[in-house]
There are 2 protein chains.
Amino acid sequence: MFRYDNGRLVVQFQACALVKLFKKVIEMNSRKQQVIKKSQQLFIEKGYQATSIQDILDYSGISKGTFYNYFSSKNELLISIFKELAEILSDKRNEIMIGQDPADLDVFTKQIELSMKINKQHRIFTLFEEVLISNDPELKHFVKESQMKVVIWIYERLLEIFGEEKQPYLLDSAIMFVGILHQNMKYYITWHDKDASIHPVVQYSVKRMATIVEDLAHTREQLNQPSLVDKWFPNDQTDSNRLQEELKQLLTSLKKSLIAEDQRPYVELLDLIEEELLQAKHPRAFLIQTTVNSLNQAKSIDSSQLEHLKQLITNLLN
Amino acid sequence: MFRYDNGRLVVQFQACALVKLFKKVIEMNSRKQQVIKKSQQLFIEKGYQATSIQDILDYSGISKGTFYNYFSSKNELLISIFKELAEILSDKRNEIMIGQDPADLDVFTKQIELSMKINKQHRIFTLFEEVLISNDPELKHFVKESQMKVVIWIYERLLEIFGEEKQPYLLDSAIMFVGILHQNMKYYITWHDKDASIHPVVQYSVKRMATIVEDLAHTREQLNQPSLVDKWFPNDQTDSNRLQEELKQLLTSLKKSLIAEDQRPYVELLDLIEEELLQAKHPRAFLIQTTVNSLNQAKSIDSSQLEHLKQLITNLLN
DNA sequence: CAATTACTGTACCGTTAGTATAATATATTG
DNA sequence: CAATATATTATACTAACGGTACAGTAATTG
């Protein structure tokens, strides 16, 4: 499987074997995921505070030792859950964007509606609120940053939708949109049927936001300068984030065409690239490079996309 | 002090003596208030969860037995604090309204700004959030109801400001205004100087809300019917609330004129009426009646106002 | 097979909210 | 003033929690 060619290490094997190797290296599977899943269920049912570690142990069928082998604390478990959900959310949002006009307000509405659905399912708001309190500064910071990221994502989408000329007012609009949306959701859910579609709420909220954007552009009133974002998130971090977003979008699009062509194994390869590149603390360039090379064999991936992918990976790895 | 006149019990004495009697009957003073005050300080500094009961005992210099004699639990203490703050807020809001046009948007802005200031001072948002989590259903319900009351108060103010013809859209407007305001506050505070005036934020938020109201009236879009409020708060309760609000406004106005005329003792009498009428579980009609009667001697209170007061009290007591 | 690794079980620590109670101080009342 | 009632203290206690420590066991791997 490994061999030297002119002093350079070369790895060659089928996609399947590579997948196996990766799965082991990345150790993303196993019971840890199970524990996350189970505790997530418990948190949804009972809430974070109300769920004791003993509950989690009983429900997942592991011992305390194992738990603290996986997670250094209950809070760290919660962060893991949040991160996973954020990943899912981001993936699905990108999926919606494929082949669509980024400036289409309806696409944005669909993305928000989906986010709200997942939020509702997993009680993310409740968990966030529950945590904003906790004494763990790390956890607090994580949640605050997550919420900030949501605002920034919306801000950047609004930029695509309303264009550069509205830019000075779009950070304010994003902030207020989040407020409108959450508050509307809250009361709509308490007053209407719990299983009622949230679509009207989202649509209604988006419309209000659009009105606000127009109004702000007209009255030229501004509360927060969009440049404040850079202050909070250092430039290189936002740059990196942007690259990550771009990569994710590209990957989702590639995956879709692969699935359409019935070339599933390659999808797994893409998953593994994403995994190693975005999740691992120290991505192993060598493994990623190998995987990308083996993508050459996939016919449904055209060379320009592959070039784009390689470019993104190089940028992300430096 | 007591004497019988034709078989009817009559009480006659000066305002001062009456005040003393009341203070004892109502037992509102004493160290309990001190404990509330001290623990409030601790909650502001350290947060609710992070403040242990032992901290409160040490800081207020009482024993555990006394604490649990005053409050049945830590949560109940928190409710006491909330109730007191709500009282203060309501008082100050009414004070602002005296002699002003209820339809003036600037008056509303001032009321909101003041509420935000007090909220900021006492970290009410944080405490509310901190509590939304707790497992105590009573506490949760209390907080939710409090937030709902804020929305309803805003809704009723908007009704005064924008008039009946906008009524169908004012509940939605109130809900979204709360979202806009809170969200704007949150990011404004994190990005700007902590001691910066919040006036621009409030003004900005109110303007957006006004835009939304106009837009809704124009597009005729509605998410929540204002009648839903009655569903949540039974009619008699909202009626009672309205009476209470009216009483409070009248009292604040009376107090102001009394202070202007330098007749302080009567102010205390009014305080005691309010105390007994709105706080006590079973207001003693007899005591209130007596107090009101002794108000006849105050020259700065005209008879029409006194009649109004008597009418309100009768309505509230049945 | 041997050695590393993953996992279990149990006992333990410090802290927390809340209970119980006997002793003591402070008011109230006849 | 003295008897009584009430308010307060001090202390010891319970049960639950998050988290630690560690010796023993099962599974995996080269």
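Naming: A, B, ... by sequence-line order, numbering from 1 per chain.
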Item to complete: State whether Tyr68(A) and Lys74(A) meet the cation-pi test: NZ (Lys) or CZ (Arg) under 6.0 Å from the six-membered ring centroid, and within 45° of the perpendicular axis.
Response: no
Worksheet item: Over how many whole Å does the gap from Asn69(B) atom CG to dA20(C) atom C1' extend?
Response: 14 Å
Worksheet item: So, is Ser63(A) near the phosphate of dT8(C), with a side-chain N or O under 4.0 Å from OP1 or OP2?
Response: yes
Item to complete: With Ser80(A) as reference, evaluate Ile36(A), Val35(A), Leu85(A) under the side-chain contact (heavy atoms from CB on, under 4.5 Å) test and give the passing residue.
Response: Ile36(A)
Worksheet item: Taking atom C1' of dT8(C) as reference, at what distance in whole Å does atom CD1 of Ile62(A) sit?
Response: 11 Å
Worksheet item: When you check the side-chain N and O atoms of Lys186(B) and Gln147(A), is any donor under 3.5 Å from an acceptor?
Response: yes
Discussion item. Less than 4.0 angstrom between a side-chain N/O of Arg31(B) and OP1 or OP2 of dT26(C), yes or no?
Written reply: no
Item to complete: I would like to know whether Lys149(B) and Glu145(B) meet salt bridge (Lys or Arg N to Asp or Glu O under 4.0 Å); could you show each step before the answer?
Response: CA-CA 6 Å; Lys149(B) 276 180 185 166; Glu145(B) 202 177 280; 3.8 Å; yes
Worksheet, complete the sentence: Correct closest heavy-atom pair for Leu57(B) and Ser63(B) would be CD2-O, 3.8 Å
Fill in: Phe43(B) and Tyr48(B) aromatic ring geometry - parallel, tilted or perpendicular at 30°/60° bounds
perpendicular
Practice prompt. Please check the phosphate of dA6(C) (OP1 and OP2 only) for any side-chain N or O of Thr66(A) closer than 4.0 Å.
Written response: no
Worksheet, complete the sentence: Once base and sugar-phosphate atoms are separated, protein heavy atoms under 4.0 Å mark nucleotides 18-23 of chain D, 5' to 3', with B, S and - as SBB---
Worksheet item: To the nearest angstrom, how far is Ile56(A) atom CD1 from dC17(D) atom C1'?
Response: 12 Å
Worksheet item: Just checking Tyr70(B): base, sugar-phosphate only, or nothing, at a heavy-atom cut-off of under 4.0 Å?
Response: sugar-phosphate
